[in-house]
Amino acid sequence: MRTRYSFYNFIVSTITAIVLPLVGFLKVQLFISLYGDQLNGLQVTMAQVITFLNICELAYSLAFRQLLFKPLAKGDKQTVLSIYHGATKIFKFTGAAVLVLGVIVALVFPFFAQSPLNYIQTVLMFIALCIPYGISYFLMGPNFVIIADQKEYKINIWIQSFAIIRMFLMILVILAGLPFVFILIIEGLNILISNIVARKIALKHYPWLKDKPDTINTKAFTTNAKYTIIQRVATLATNNTDNIVITMFMGYTMTSVYGVYSYLTEAASKIISSMITSPINSFGNLFNDETSDSYKVFTEFFNFGTYVASIASICLFIVMPQFVDIWMKHEKLYEVTFIIALLFAINIFYMTMREPIIISRDANGLFKEAKNNAYCVAIVKVVLSVVLIQYLGITGVLLATLIANWVVDFLYNPILVYKRVFKLNPLRYYKMVISRLLIAIGIGTAGYLVWNYNIAFVSGGFVKFFIACIILGISVVLAISIIYIVSYKSFRNLIRRIFSIFKRKVMSK
């Protein structure tokens, strides 16, 4: 049953993650053409700042789910109710704090950089973007319960559908040449409606969440939450400070440029993230089952992660310069250099590859042990970004991410998980990573040489470029699949597991 839930979630998440960016690419290009580079850069920077204000949402989700795995699996409603009601109290307090902080930050935000809007307009824009996130904390409690119970697909399909509708509405607003305020209204309504609908669905499946518990337990949640917030800060410092730093030193126009680059890479990341993280709650239950062979499943999951990471990073590295050139209608400002494409690809490979280790760490509650690593990653990333951007521009920011990931983070979490969870020598993990990385480098180099040897065809218009991308994608998938199947037993076991799931589905019909 648990595997089936993860399978459903995988399908829903992957399909919607593919559709959303396709619509989004058109929206971004139209947005820049109507409202300009600076307003796009302003919006991107505000979104990054608000992400920090909204830091507790994902941190709370992880802390809450980790506490609910066992009682939900055992059907212990009283324990679930005790934790749930304690946590929702904190959610509401946090929501109020986000609203207050949002207003305070809005008042000083216009002084951060030269804004394309006047002071009042900039402040109101920030508040309009922030308010829906603050309100969402009053709604999200039941949503986390349904996610922890591996039934996320029941709400995910609605949330993603609203997100797609949001994109289409924004495109219509832009095509109609309407004022920017309509974009803000659509953005806010999407967040509120998604949370309200998800809450109703969750309460329909768990009506007993409205019952009063015998006791209210806030301590367990707050203990977990303070550690997950630290991890979330580290993640944001590594992945969500780039636009802020670029705005500070280079202005909103260059933030718009980086926003275009990162939109492409984030679109790829969302697709692969939906594929990699959809089984996260199954892992939570797996590590709480003493009869399961968790390391065997981990190695299968690891191979799946590096398999997807290799395909995504190789294809992104090769096609990114031509894709952005066509997407931005050959605008010189948005030109992608070889080194920028390479650094984006390496960072995507790492962030995808690390997910099985991070999921294993978090499912076992070891995020509490990793707080010092989180501090180090955040400090290294921010300090290096501020230093390197002054010499290398956008390249320096990407290089800072690479160093923070591959030096600080890479040398900590695998050792923690292997020693504390699997009781194995972490060198086994590093050997696995190096072998998969060498495969990706080899295939990526070959693909890059072949692609650029046929650059005249690739650059011959959108149709030829699209055909070249399909050929490249199929070739990379086939090459990596053959090598993985021949070389790694755990990958062959993964394929058998996937086929067995499909077989059960067919037999059940």
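Everything quoted here is computed from the prediction, not taken from an experiment.
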| field | Sequence neighbours excluded - salt bridge (charged side-chain N to carboxylate O under 4.0 Å, His left out) pairs with any residue from residues 180-191 | value | Arg166-Glu187
| said: What's the separation between atom CG in Leu169 and atom CD1 in Ile186, rounded to the nearest 0.5 Å? | reply: 5.0 Å
| salt bridge (charged side-chain N to carboxylate O under 4.0 Å, His left out) partners of residues 378-387, not counting sequence neighbours, each pair once | Asp242-Lys381
| query | How would you list, by chain and number, every residue that makes a ring-ring contact (aromatic ring centres under 6.0 Å, His included) with Tyr252, sequence neighbours excluded? | reply | none
| request: Determine whether the side chains of Tyr412 and Asn372 contain a donor N or O and an acceptor N or O closer than 3.5 Å. | output: no
| field | Any donor-acceptor pair under 3.5 Å from Thr265 side chain to Ser262 backbone | value | yes
| message | In the structure I gave you, are the side-chain heavy atoms of Phe323 and Val336 within less than 4.5 Å of one another anywhere? | response | no
| field | Non-neighbouring partners of Asn373 that pass side-chain hydrogen bond (donor to acceptor under 3.5 Å, both in side chains), sequence neighbours left out | value | Asp409
| note | side chain to side chain contact (heavy atoms under 4.5 Å, CB included) with Tyr133: of Ile191, Leu192, Asn195, only one passes, and it is Ile191
| query | What pair of heavy atoms forms the shortest contact from Asp211 to His85, and how long is it? | reply | O-NE2, 2.8 Å
| Any residue meeting ring-ring contact (aromatic ring centres under 6.0 Å, His included) with Phe52, in chain and number order, not counting sequence neighbours | none
| Residues two or more places apart in sequence or in another chain: which of them pass ring-ring contact (aromatic ring centres under 6.0 Å, His included) with Phe344? | Tyr258
| request: Might you point out which heavy atoms bring Val105 and Val49 nearest each other, and give the distance in Å? | output: CG1-CG1, 4.1 Å
| Nearest 0.5 Å, what's the CD-CG distance between Gln48 and Asn243? | 4.5 Å
| field | Phe317 vs Ile348 side-chain heavy atoms within contact, under 4.5 Å | value | no
| With a 4.5 Å limit on heavy-atom distance, are the side chains of Arg361 and Arg420 in contact? | no
| request: Apply side-chain contact (heavy atoms from CB on, under 4.5 Å) to Leu333 and list each qualifying residue two or more places apart in sequence or on a separate chain. | output: Asp37, Thr253, Met254, Val257, Glu331
| 4.5 Å side-chain heavy-atom contact, Leu26 and Leu30 | yes
| Aromatic contact, Tyr119 with Phe111 (centres under 6.0 Å) | yes
| request: Please name the pair of heavy atoms, one in Pro356 and one in Phe302, separated by the smallest distance, quoted to 0.1 Å. | output: CG-CA, 3.8 Å
| query | Going by the angle between their ring planes, with limits at 30° and 60°, are Phe162 and Trp158 parallel, tilted or perpendicular? | reply | tilted
| Does the Ser313 side chain pair with the main chain of Ser310, one donor and one acceptor, at a distance under 3.5 Å? | yes
| request: Output yes when a side-chain donor or acceptor of Gln43 lies under 3.5 Å from a complementary backbone atom of Asn40, and no otherwise. | output: no
| Does Tyr206 reach the side chain of Leu209, with side-chain heavy atoms less than 4.5 Å apart? | yes
| Which atoms form the tightest heavy-atom contact between Leu34 and Gly177, and what is the distance? | CD2-CA, 4.0 Å
| task | Heavy atoms only: give me the nearest Ser360-Val417 pair and the separation to one decimal. | result | CB-CG1, 4.0 Å
| query | In Å and rounded to the nearest 0.5 Å, what is the CG to CD1 distance from Leu316 to Ile311? | reply | 13.5 Å
| Say you draw a straight line from CG of Asn347 to CG of Leu399; how long is it, rounded to the nearest 0.5 Å? | 9.0 Å
| Is the number of heavy atoms from other residues, nucleotides or ligands within 6.0 Å of CD (Gln78) greater than 12? | yes
| said: As a quick check of understanding, evaluate ring pair (Phe, Tyr, Trp, His ring centres under 6.0 Å) for Phe93 and Tyr137, giving each step before the final call. | reply: CA-CA 8 Å; Phe93 174 81; Tyr137 282 91; over 10 Å; no
| So, do Val245 and Met248 sit near enough that their side-chain heavy atoms are less than 4.5 Å apart? | no
| task | Taking the side chain as every heavy atom from C-beta outward, state whether Thr122 and Met46 have any pair of such atoms under 4.5 Å apart. | result | yes
| From Phe138 CZ over to Lys92 NZ, what is the distance, rounded to the nearest 0.5 angstrom? | 8.0 Å
| said: Determine whether Phe168 and Lys27 satisfy the following criterion, side chain to side chain contact (heavy atoms under 4.5 Å, CB included), listing intermediate values before the conclusion. | reply: CA-CA 8 Å; Phe168 279 113; Lys27 177 254 176 181; over 6 Å; no
| How about Leu42 and Phe109: do any of their side-chain heavy atoms sit closer than 4.5 Å? | yes
| Is a side-chain donor or acceptor of Tyr350 paired with a backbone partner of Phe410 at a separation under 3.5 angstrom? | yes
| When you look at Phe112 and Thr45, which way does the side chain to side chain contact (heavy atoms under 4.5 Å, CB included) test go after all the steps? | CA-CA 10 Å; Phe112 180 66; Thr45 305; 4.1 Å; yes
| request: Of all the heavy-atom pairs spanning Asn190 and Ser194, show the shortest one and how long it is. | output: O-OG, 2.7 Å
| field | Partners passing side-chain contact (heavy atoms from CB on, under 4.5 Å) against Val260 (at least two apart in sequence or in another chain) | value | Val28, Ile32, Val324, Trp327, Met328, Tyr334
| task | Could you walk me through whether Ile246 and Ile394 pass the side chain to side chain contact (heavy atoms under 4.5 Å, CB included) test, one step at a time? | result | CA-CA 7 Å; Ile246 291 170; Ile394 288 176; 4.1 Å; yes
| query | Tell me the salt bridge (charged side-chain N to carboxylate O under 4.0 Å, His left out) pairs involving residues 193-208, sequence neighbours left out? | reply | none
N/O donor-acceptor pairs under 3.5 Å from side chains in residues 123-132, not counting sequence neighbours:
none

| note | The reported gap from CG in Leu384 to CD1 in Ile389 (rounded to nearest 0.5 angstrom) is 12.5 Å
| task | Evaluate the side chain to side chain contact (heavy atoms under 4.5 Å, CB included) criterion for residues Ile357 and Phe298: first the C-alpha distance (whole Å), next the side-chain angles of each, then the deciding distance (0.1 Å), finally the verdict. | result | CA-CA 8 Å; Ile357 276 287; Phe298 168 79; 3.8 Å; yes
| query | Listed by chain and number, what are the ring-ring contact (aromatic ring centres under 6.0 Å, His included) partners of Tyr35, not counting sequence neighbours? | reply | Phe31, Phe180
| Which residue pairs pass the salt bridge (charged side-chain N to carboxylate O under 4.0 Å, His left out) test when at least one of the two sits in residues 126-143, sequence neighbours left out? | none
